[in-house]
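Before I ask anything, let me first share the structure, which is written out below as structure tokens.
Since the structure is predicted, the reported quantities are computational estimates derived from the model, not experimental observations.
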Amino acid sequence: MNRVLVLLLSLIAFASPAAAQNINLSESVSLNYKGNLGIDTWYFPRKAPDAKMPESVNSLCGALDMTLVFDAPLEIRLNQRLLYDFENADRNRYEIEDLYLDYFRDNFEVRAGMQTFSWKTVESISQADFLNQTDLESDFLDADKFGELAVRTRLILPTETEQVFEIYYLARMRATRFPVDENRFSFGLNVLNDASSHQFQSAKDEWRPQIALSFQRPFFDNIDTRFFYFNGYNRFPGLLPKFNAAMEFQHQYRLVHKTGLTFQGELGAWLVKGETVHTAFQREIVNQLGERIKPDYLAYTIGFEYTFYSALIENHDIGFIAEIIGDSDAGKKSGELEGFRPFQSYLFSGLRYVFNNVSDRSLLMGSFYDYEKKDILLRIEYEERLREIFTIKIAFNDLIVESSPLDLFSHADRLILELAYNF
């Protein structure tokens, strides 16, 4: 609670109108910062299957990102996040997403500490953005990332075409927390979120070292690619029954090998993008039907984006996005899989309407369609900056689902309102 109070006081201090986004602490040290503080409200129009589940969720949200810049090839970054739910204390968070020392040269960089990473290139479901654990309890369908204790070494090769080689060492496996009881995204199971109850497929438990390798280079001059390999724990755990009187379920974190490719770039007027990942489990596990399996599958998200400039109104642009999402296990029943893996046969389409005005007004519409099970997920989102320092976002998520496993959340349609002060 003391950490939450410190962050709140820091947010108030830095958000003062008299403050600047850059403070010179000395001739050789300066502090850059940015942040936000606001209210996030969800309203669920459908009746919940459990009386414990809320009709609305109201939260105080804040973030403060600070970087100490030295007169040397050295930076220190602290990025922290606050979530305070006014009714459900299980969702309360104070998280340090980044706290690292960054040493860099022209062709070399080492970054050590708590870090968040992003390998995502697509608009919809990312297959490759898996290095960070996600906070499933705070928002199951749009979860924030947890910071990972890691060292990243980057080497920029001295070649005519820029080529970057990276080594990631992740020292500890961060467990997630599942939504239970008073949460619209509850699985309806008695899931144990206590870290002492988790199982790991290594004698070193959460401290089993995890390694990732990444190589980036462009092709055809403007298609950026990343080839990668990962050896470590799958971030989404399996749920194992304890077969006790309380019918409790515990997390099991499974060891995997992941290899894959991401790409993004322009081909004429088209922006192409994609992610493919092959996942091979290192040991046998028990699936949801109680059968012993050793999963091995290829998952992908591939698509394109095309922008129509001043299509209807001068300076108003319309971007059209289309992506296909799936994996090689498509068609299997959900109980035959190792765990929750819903997006196996989906088409995603989206429209982005950008007004290109001083308030950065935009309107987004997106839909997911399961071409095998006929389920549909819809989202519409409006966002605008007010008086340059406030941001308002209004969104609606609609889930028209009848098939497992997403039918668990058929009552989770929600209207979202976010109002934030930015500094």
Side-chain angles (χ1 to χ4, degrees), residues 28-34 63 65-81 95-122 126-134 144-174 207-235 256-266 273-279:
S28 58
V29 182
S30 62
L31 173 67
N32 300 329
Y33 72 90
K34 62 180 179 179
D65 189 357
M66 301 183 292
T67 304
L68 273 177
V69 181
F70 297 87
D71 187 17
L74 187 70
E75 291 182 354
I76 298 175
R77 184 183 179 195
L78 170 60
N79 180 20
Q80 46 197 327
R81 169 173 62 89
E95 290 291 336
I96 295 178
E97 296 185 340
D98 295 285
L99 177 56
Y100 58 74
L101 181 69
D102 191 8
Y103 174 80
F104 50 89
R105 291 290 186 179
D106 290 341
N107 298 311
F108 179 77
E109 180 185 18
V110 177
R111 181 179 291 179
M114 298 294 294
Q115 301 177 58
T116 53
F117 309 104
S118 179
W119 287 355
K120 182 174 182 177
T121 63
V122 298
S126 176
Q127 312 292 348
D129 199 20
F130 55 78
L131 288 182
N132 289 91
Q133 181 61 275
T134 55
D144 288 317
K145 293 179 179 180
F146 287 128
E148 299 284 350
L149 183 61
V151 177
R152 188 195 72 180
T153 302
R154 169 178 289 179
L155 176 64
I156 302 174
L157 303 181
T159 56
E160 183 177 346
T161 299
E162 183 175 282
Q163 302 181 62
V164 181
F165 182 70
E166 295 176 332
I167 301 175
Y168 297 76
Y169 173 84
L170 292 88
R172 179 177 179 268
M173 170 65 196
R174 173 74 183 264
W207 291 103
R208 191 267 195 189
Q210 302 170 88
I211 298 292
L213 306 176
S214 167
F215 176 68
Q216 303 169 65
R217 63 153 298 163
F219 284 95
F220 309 112
D221 293 330
N222 51 6
I223 304 293
D224 295 323
T225 60
R226 180 192 298 270
F227 302 87
F228 59 84
Y229 168 75
F230 170 77
N231 182 330
Y233 286 112
N234 208 40
R235 293 302 184 252
V256 295
H257 298 288
K258 287 181 179 284
T259 54
L261 162 71
T262 70
F263 62 89
Q264 183 176 23
E266 296 179 357
K273 55 187 73 176
E275 303 176 4
T276 62
V277 180
H278 177 261
T279 300

With sequence neighbours left out, what residues match Phe263 under ring pair (Phe, Tyr, Trp, His ring centres under 6.0 Å)?
-> none
Between Gln115 (side chain) and Ala150 (backbone), is there a donor-acceptor pair under 3.5 Å?
-> yes
Can you name the closest pair of heavy atoms from Leu170 and Leu131 and give their distance?
-> CD2-O, 3.7 Å
Residues that Phe146 engages under ring pair (Phe, Tyr, Trp, His ring centres under 6.0 Å), provided they are two or more places apart | none
Go through the structure and list residues passing side-chain contact (heavy atoms from CB on, under 4.5 Å) with Asn231, not counting sequence neighbours.
-> Arg208, Tyr229, His257, Gln282
Listed by chain and number, what are the side-chain hydrogen bond (donor to acceptor under 3.5 Å, both in side chains) partners of Gln127, not counting sequence neighbours?
-> Thr301
For Thr159, enumerate each residue passing the side-chain hydrogen bond (donor to acceptor under 3.5 Å, both in side chains) test, keeping only those at least two apart in sequence or located in another chain.
-> Gln163
Under the side chain to side chain contact (heavy atoms under 4.5 Å, CB included) rule, what do Val151 and Val110 come out as? Steps first, then yes or no, please.
-> CA-CA 7 Å; Val151 177; Val110 177; 4.3 Å; yes
Does Tyr233 offer a backbone N or O that forms a donor-acceptor pair with the side chain of Gln210 under 3.5 Å?
-> yes
Salt bridge Arg152-Glu109, side-chain N to carboxylate O under 4.0 Å | yes
Of all residues at least two apart in sequence or in a different chain, which pass the side-chain contact (heavy atoms from CB on, under 4.5 Å) check with Tyr103?
-> Pro73, Leu74, Arg105
Could you list all the salt bridge (Lys or Arg N to Asp or Glu O under 4.0 Å) pairs where at least one residue sits in residues 218-233, not counting sequence neighbours?
-> Glu166-Arg226
For Leu68, what residues pass the side-chain contact (heavy atoms from CB on, under 4.5 Å) criterion, not counting sequence neighbours?
-> Leu25, Val29, Leu31, Phe70, Ile76
Is a donor on one side and an acceptor on the other found under 3.5 Å between the side chain of Thr262 and the backbone of Glu275?
-> no
Considering non-hydrogen atoms only, spot the tightest contact between Tyr168 and Ser214 and give its length.
-> CE1-CB, 4.1 Å
Of all residues at least two apart in sequence or in a different chain, which pass the side-chain hydrogen bond (donor to acceptor under 3.5 Å, both in side chains) check with Thr67?
-> none
Output all residues satisfying side-chain hydrogen bond (donor to acceptor under 3.5 Å, both in side chains) with Lys145, sequence neighbours left out; order by chain, then residue number.
-> Asp129
With sequence neighbours excluded, what pairs up with Leu78 under the side-chain contact (heavy atoms from CB on, under 4.5 Å) test?
-> Met66, Gln80, Ile96, Leu99
Residues that Phe130 engages under ring pair (Phe, Tyr, Trp, His ring centres under 6.0 Å), provided they are two or more places apart | Trp119, Phe228, Phe230
